[in-house]
Number of protein chains: 2
Amino acid sequence: MTQTQFRYCGLNVALKTLTGKWKPMILFHLFRTEEIRFNELWRIIPKVSKKVLLQQLGQMEEDGLLIREERKGFPPEVYYRISEKGRALGSVLAQLEAWANTYAPQQVQQVFDSEKHVPSFD
Amino acid sequence: MTQTQFRYCGLNVALKTLTGKWKPMILFHLFRTEEIRFNELWRIIPKVSKKVLLQQLGQMEEDGLLIREERKGFPPEVYYRISEKGRALGSVLAQLEAWANTYAPQQVQQVFDSEKHVPSFD
DNA sequence: TATCCGGGTTACCTTTTGGTGACCTTCTTG
DNA sequence: CAAGAAGGTCACCAAAAGGTAACCCGGATA
């Protein structure tokens with residue numbers, strides 16, 4: 001019986017799917033754009049290598065967090081969008097965000113600052 | 001203005017403090033025991049090396065998730081317990097756990113099974 | 001035909017993370 | 001005095017994660 005507590009097995013699984021240097025940022029963009037093309041994402045995310053971005057998107061697809069759609073065409077167009085399973089994480093991610101802002105504001109600020117030199121999304 | 005959405009900076013920070021092979025398990029035990037001694041934890045957690053356990057506890061202390069108390073005495077006694085900041089994560093962790101159980105039950109089961117050969121906590 | 005563009009792979013290297021075993025320290029007990 | 005706890009460090013190694021640059025494919029266009 002799992003009272004109000006958690007067990008660590010699911011937590012382990014959940015964290016494994018969220019762990020990866022660029023995944024929070026990818027999720028952020030998926031949550032705000034409905035669908036996004038690979039190169040678009042690549043331009044928007046500052047300094048990822050193509051390989052690693054591809055690789056993290058690949059893992060997230062495997063884990064079912066996002067859906068990859070390849071529309072056949074002239075130049076290839078590949079769209080990524082959040083899945084149901086991914087969207088279900090929304091409120092939890094927002095709470096993690098809130099937690100960090102409350103209990104570790106200076107570190108959050110540091111992350112923010114360290115990305116200031118970047119082509120600023122509007 | 002951050003609508004119902006999250007930004008990724010805090011999320012990044014939060015995930016960084018939670019990432020580590022044994023941290024979910026450590027948190028699990030901290031949440032259920034009020035306080036726990038190092039060797040006790042070491043015996044209970046199956047196959048961590050002393051060094052790595054120490055190291056993850058160290059990071060968690062730095063990050064303020066737990067409190068390390070060294071009671072002077074005959075054989076040294078070091079107690080670890082969850083902090084306020086750590087406890088504030090409780091409900092979020094439970095939600096992550098629930099998410100995994102709902103959307104990835106088979107993987108959760110795998111993690112569970114892979115730890116079955118272990119001296120079973122009662 | 002030569003080139004470009006979007007998406008993707010590969011070979012290779014560096015950094016980070018986790019693991020092993022030996023060793024230290026202080027006090028206690030046989 | 002020898003040996004044993006508890007908590008911890010150190011040198012060393014292995015695996016995983018991330019990064020760089022070059023290259024591939026197919027269609028479009030100069």
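In what follows, chains are A, B, ... by sequence order, proteins preceding strands, each numbered from 1.
In this entry the distance linking CG of Leu53(B) with P of dT17(C) reads 17 Å, nearest Å. One atom, NZ of Lys72(B), and another, P of dT28(C), lie 14 Å apart when rounded to the nearest Å. Straight-line distance from the CZ atom of Arg43(B) to the P atom of dA6(D): 6 Å, rounded to whole Å. One atom, CH2 of Trp42(A), and another, P of dT20(D), lie 10 Å apart when rounded to the nearest Å. Nucleotide dT9(C) holds its P atom 11 Å from the CG atom of Leu57(A), rounded to whole Å. When rounded to the nearest whole Å, the span between CE of Met25(B) and P of dG18(C) equals 14 Å. Between the C1' atom of dG8(C) and the CD atom of Glu61(A) lies a distance of 13 Å, rounded to the nearest Å. Distance, Arg68(A) CZ to dG8(C) C1': 9 Å, rounded to whole Å.
Between dG8(D), dG18(D), dG7(C), one nucleotide has an atom nearer to the side chain of Val78(B) than all others, and that is dG8(D). Side-chain proximity of Ser49(B) to the nucleotides dT20(C), dG18(C), dG19(D) is greatest for dT20(C). The listed nucleotides are dC10(D), dG6(C), dG18(D); the one nearest the side chain of Lys51(B) is dC10(D). Looking at the side chain of Asn39(A), the nearest of the listed nucleotides dG19(D), dG7(C), dC12(D) is dG7(C).
Of the listed residues (Leu11(B), Asn12(B), Val13(B)), just one forms a side chain to side chain contact (heavy atoms under 4.5 Å, CB included) with Leu15(B), and that residue is Leu11(B).
Using a 4.0 Å heavy-atom cutoff across all strands shown, Tyr80(A) reaches sugar-phosphate atoms only and no base atom. Counting any heavy atom pair closer than 4.0 Å across all strands shown, Gly73(A) reaches no nucleic acid atom. Glu70(B) comes within 4.0 angstrom of nothing in the nucleic acid, heavy atoms only. Among the heavy atoms of the strands lying under 4.0 Å from Gln56(A) are primed sugar atoms or P, OP1, OP2 only; no base atom is included.
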Derivation of the side-chain contact (heavy atoms from CB on, under 4.5 Å) call for Leu27(A) and Tyr8(B): CA-CA 8 Å; Leu27(A) 282 169; Tyr8(B) 59 91; over 6 Å; no
Salt bridge (Lys or Arg N to Asp or Glu O under 4.0 Å), that's the test. Do Arg81(A) and Glu34(A) meet it? Break it down for me. CA-CA 6 Å; Arg81(A) 58 180 201 278; Glu34(A) 187 64 33; 5.6 Å; no
Apply side-chain contact (heavy atoms from CB on, under 4.5 Å) to the pair Phe38(B) and Lys50(B), showing each step before the final yes or no. CA-CA 9 Å; Phe38(B) 176 77; Lys50(B) 198 197 273 197; 3.7 Å; yes
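Side-chain N/O atoms of Asp63(A) and Gln59(A) include no donor and acceptor closer than 3.5 Å.
At a cut-off of 3.5 angstrom, counting only N and O atoms as typed in the model, there is no donor on one side facing an acceptor on the other between the side-chain of Lys21(A) and the base of dG18(D).
With hydrogens and angles disregarded, a donor-acceptor distance shorter than 3.5 Å links the side chain of Ser114(B) to the backbone of Val111(B). Proximity of a side-chain donor or acceptor of Thr19(B) to a complementary backbone N or O of Lys16(B) within less than 3.5 Å is not detected. Looking only at distances, no side-chain donor or acceptor of Ser83(A) sits under 3.5 Å from a matching main-chain atom of Ile67(A).
Residues Pro76(A) and Trp22(A) both approach DNA chain D. Their nearest nucleotides, taken by heavy-atom distance, put Trp22(A) toward the 5′ side.
Annotation for Gln106(A): atom CD counts as buried by contact number, over 12 foreign heavy atoms lying within 6.0 Å.
Distances shown here put a side-chain N or O of Arg37(B) below 4.0 Å from the OP1 or OP2 atom of dG7(D).
Axis angle between the ends of the helix from dT1(C)-dA30(D) to dG30(C)-dC1(D), five pairs each and rounded to 10 degrees, works out to 30°.
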Distances for protein N or O near nucleotides 22-24 of chain C N or O, under 3.5 Å:
none

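Relative to the ring axis of Tyr79(A), Arg68(A) does not place its NZ or CZ within 45° and under 6.0 Å from the centre.
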